[in-house]
Number of protein chains: 2
Amino acid sequence: MTETLTPGCVSVIDDDPHVRGSISSLLRSCGYEVRLYESTAAYLAADRPETRCCLVLDVRLSGESGLEFTEKLARLAYAVPVVLITGHGDIPMTVRGMRAGAVDFLPKPFDDDQLLGAVEAALLADLGRRAEFERSLQLQRQYDGLTPREKEVMALVVTGLMNKQVAARLDLSEITVKIHRGNVMRKMVAQSLADLVRMAEQLGVRDDSIHRYSI
Amino acid sequence: MTETLTPGCVSVIDDDPHVRGSISSLLRSCGYEVRLYESTAAYLAADRPETRCCLVLDVRLSGESGLEFTEKLARLAYAVPVVLITGHGDIPMTVRGMRAGAVDFLPKPFDDDQLLGAVEAALLADLGRRAEFERSLQLQRQYDGLTPREKEVMALVVTGLMNKQVAARLDLSEITVKIHRGNVMRKMVAQSLADLVRMAEQLGVRDDSIHRYSI
DNA sequence: GTCGCTATCATACGCAGGTTTGGGCATACG
DNA sequence: CGTATGCCCAAACCTGCGTATGATAGCGAC
């Protein structure tokens, strides 16, 4: 019965071998790739899956708690979607898990369909997140290729300053600003100022010394 | 003991008069303005507070459930932060509430401090949300003031097209595009193309007929 | 019908953006 | 020491943008 819509890799972290086994057999029977870990440390030590993936994580673990780990993951640039499961859950724990960005929070025992639904949602979430992450990584690589001066010029240009104003602010001649600006456009592979502005927005690049009138 | 950091108005919706009364006295003693309702319908019928505000909402209500109401609120442009409270909560209910965007989910009975903390967090959230809402409202008003043609020109301009290209796409002469473009800048109160691009981003204005190479 | 708004276009001027060519200076790396 | 890189500037040139000024035309409101 392989009716999986979005195939992918599910990493299961649970310190109970029996739980790992039953979840594993369920997911595998549906066509998912499954990797099993007994602790968050073991998971971190392993390689990341290349394909779409998610995490099924027990809240109560011997080492680091599943909640703490979820919160830690949320602080990363690229967070894997997490499905939390627990045998002894309560409402405050659920609140904390969901706040940390968990896709779902399932109290044991749960139906097969509940877990499958949560895993499916998590893999679907990873689809979009992964694409966005790749884009922002590429953008960051381009931005890192700029020289310090070019970054300064870019920050001022995307705030809407004219070359003349940029030159005054950086104590340069206008022609120099034009050259830097041209370099920025080429290195960032921006085909228009509008493009560059959107890239800067996504990178969080802006001039701190200016108080903007809008946004 | 008025040690409130962010004063504001708390609307309490609970069908139990006793609960309303006790929550009310607690919040009032801390300096909050409190309004009491016995149903979501009664809340909707009343005026919205002008100041910073939040909602304390019982999950189990006689009419519309608190969860449904929270989900409905979340679909609005400007959603009031909600603190959910319940006497008979479980984990799936908590998951649903938090997914709907609730700030907190408190099982009864709760400590005074728990409610106060949640209300404080909700009011703080409303601070930022309210400012952002005002800005986007203002922006929308300006955008609505554009003529259809001006909106078309704006959409193409912020994607990075030159006047010449915009003219070709709309089958106009370049000078006409320039005039429309000037009108757009003036009506949107944008001081630079960069400003206009950011405004368009926030408004969700973009040209659908073009496949963008980035973002 | 007249007023006002929208939309269209033309000519022309001034300013801003962008590139090329060419040059000078400092620093870092081998 | 030579080379590369980053940074700076200038003259010249082309293109694009923005704004007058002026003119025509359709359309809805009063």
Side-chain angles (χ1 to χ4, degrees), chain A residues 140-201 203 205-207 209-210 212-214, chain B residues 140-200 205-207 209-210 212-214:
Chain A
Q140 191 64 50
R141 268 194 296 267
Q142 289 166 354
Y143 182 68
D144 291 342
L146 300 182
T147 68
R149 212 40 158 175
E150 286 163 356
K151 289 180 184 176
E152 285 182 294
V153 171
M154 173 170 168
L156 294 170
V157 163
V158 296
T159 63
L161 269 62
M162 292 183 304
N163 289 339
K164 194 189 304 183
Q165 296 173 294
V166 175
R169 203 174 283 256
L170 297 180
D171 197 27
L172 295 176
S173 87
E174 191 180 344
I175 185 71
T176 306
V177 173
K178 288 183 181 180
I179 292 171
H180 286 313
R181 186 171 178 156
N183 290 338
V184 168
M185 295 295 284
R186 191 167 28 74
K187 289 186 182 177
M188 295 299 290
V189 201
Q191 265 131 19
S192 64
L193 178 60
D195 273 341
L196 194 70
V197 170
R198 274 186 289 267
M199 290 177 180
E201 283 295 290
L203 284 166
V205 171
R206 57 179 59 196
D207 180 35
S209 73
I210 233 171
R212 318 252 328 289
Y213 91 104
S214 70
Chain B
Q140 192 64 49
R141 269 194 295 267
Q142 290 166 354
Y143 183 68
D144 291 341
L146 300 182
T147 68
R149 210 43 156 174
E150 285 162 359
K151 288 180 185 177
E152 285 182 294
V153 171
M154 174 171 166
L156 293 171
V157 163
V158 297
T159 63
L161 269 63
M162 290 184 305
N163 289 340
K164 193 189 303 181
Q165 297 172 294
V166 175
R169 203 172 283 254
L170 298 180
D171 196 27
L172 295 175
S173 87
E174 190 180 344
I175 184 70
T176 306
V177 173
K178 286 183 182 180
I179 292 171
H180 287 314
R181 185 173 179 155
N183 290 338
V184 168
M185 295 296 284
R186 191 167 28 74
K187 289 186 183 177
M188 295 299 291
V189 201
Q191 265 132 18
S192 64
L193 177 60
D195 272 342
L196 194 70
V197 169
R198 272 185 291 266
M199 290 177 181
V205 172
R206 58 180 57 196
D207 179 37
S209 73
I210 232 170
R212 316 253 327 292
Y213 92 104
S214 72

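Numbered from 1 within each chain, the chains take letters A, B, ... in sequence-line order.
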To the nearest Å, how far apart are L161(B) CG and dG16(D) P?
13 Å
M199(B) and V189(B): which non-hydrogen atoms are nearest, and at how many Å?
CE-O, 3.7 Å
Is the closest side-chain heavy-atom distance between V157(A) and M185(A) below 4.5 Å?
no
Respond yes when some side-chain nitrogen or oxygen of R186(B) is under 4.0 Å from OP1 or OP2 of dT19(D), and no when none is.
no
dA7(C) phosphate, OP1 or OP2, under 4.0 Å from T147(B) side-chain N/O
yes
Atom CG of L156(A) and atom C1' of dG17(C): how far apart are they, to the nearest Å?
16 Å
Pairs touching residues 180-193 of chain B that satisfy salt bridge (charged side-chain N to carboxylate O under 4.0 Å, His left out), sequence neighbours left out:
E150(B)-K187(B)
Distances for protein N or O near nucleotides 24-28 of chain D N or O, under 3.5 Å:
none

Are OP1 or OP2 of dG16(D) and a side-chain N or O of N163(B) less than 4.0 angstrom apart?
no
Using whole Å, what does the distance between atom C1' of nucleotide dG18(C) and atom CG of L196(A) come to?
14 Å
If you look at every heavy atom in S192(B) and G160(A), which pair is closest and at what distance?
OG-CA, 3.3 Å
Taking DNA chain C as the partner, which of residues 173-185 of chain B come within under 4.0 angstrom of it by heavy atom?
S173(B), I175(B), T176(B), I179(B), H180(B)
In whole angstroms, how far is the C1' atom of dG18(C) from the CE atom of M162(B)?
12 Å
By nearest atom, which of the nucleotides dA7(C), dC7(D), dC17(D) is closest to the E150(B) side chain?
dA7(C)
So, for L193(A) and L193(B), which heavy atoms are closest and what is the spacing to 0.1 Å?
CD2-CD2, 4.1 Å
Can you give me the closest heavy-atom contact between A194(B) and T159(A), atom names plus distance?
CB-C, 4.2 Å
Report the residues that fulfil side-chain hydrogen bond (donor to acceptor under 3.5 Å, both in side chains) with D144(A), sequence neighbours left out, ordered by chain and then residue number.
Q140(A)
Listed pairs, N/O of protein and of nucleotides 23-30 of chain C, under 3.5 Å:
none

If you round to the nearest 0.5 Å, how far is CE of M188(A) from CZ of R141(A)?
12.0 Å
Between I175(B) and S173(B), the two heavy atoms sitting closest are CG2-OG, 2.9 Å
Quick one: CG on L172(B) to CD on E152(B), what's the gap to the nearest 0.5 Å?
8.5 Å
L193(B) has an atom CG; how far is it from atom C1' of dG16(D), in whole Å?
12 Å
Hey, are R198(A) and E201(A) close enough for a salt bridge, meaning a charged N less than 4.0 Å from a carboxylate O?
no
Whole angstrom value for the distance that separates P of dT8(C) from CG of L170(B)
8 Å
Net bend of the helix from dG1(C)-dC30(D) to dG30(C)-dC1(D), end axes of five pairs each, nearest 10 degrees
40°
State which residue, out of V177(A), T176(A), L156(A), fulfils the side chain to side chain contact (heavy atoms under 4.5 Å, CB included) condition with L170(A).
L156(A)
From NZ (K178(B)) to NZ (K164(B)), nearest 0.5 Å:
10.0 Å
If you define the side chain from C-beta out and look only at heavy atoms, does anything of L196(B) sit under 4.5 Å from V184(B)?
yes
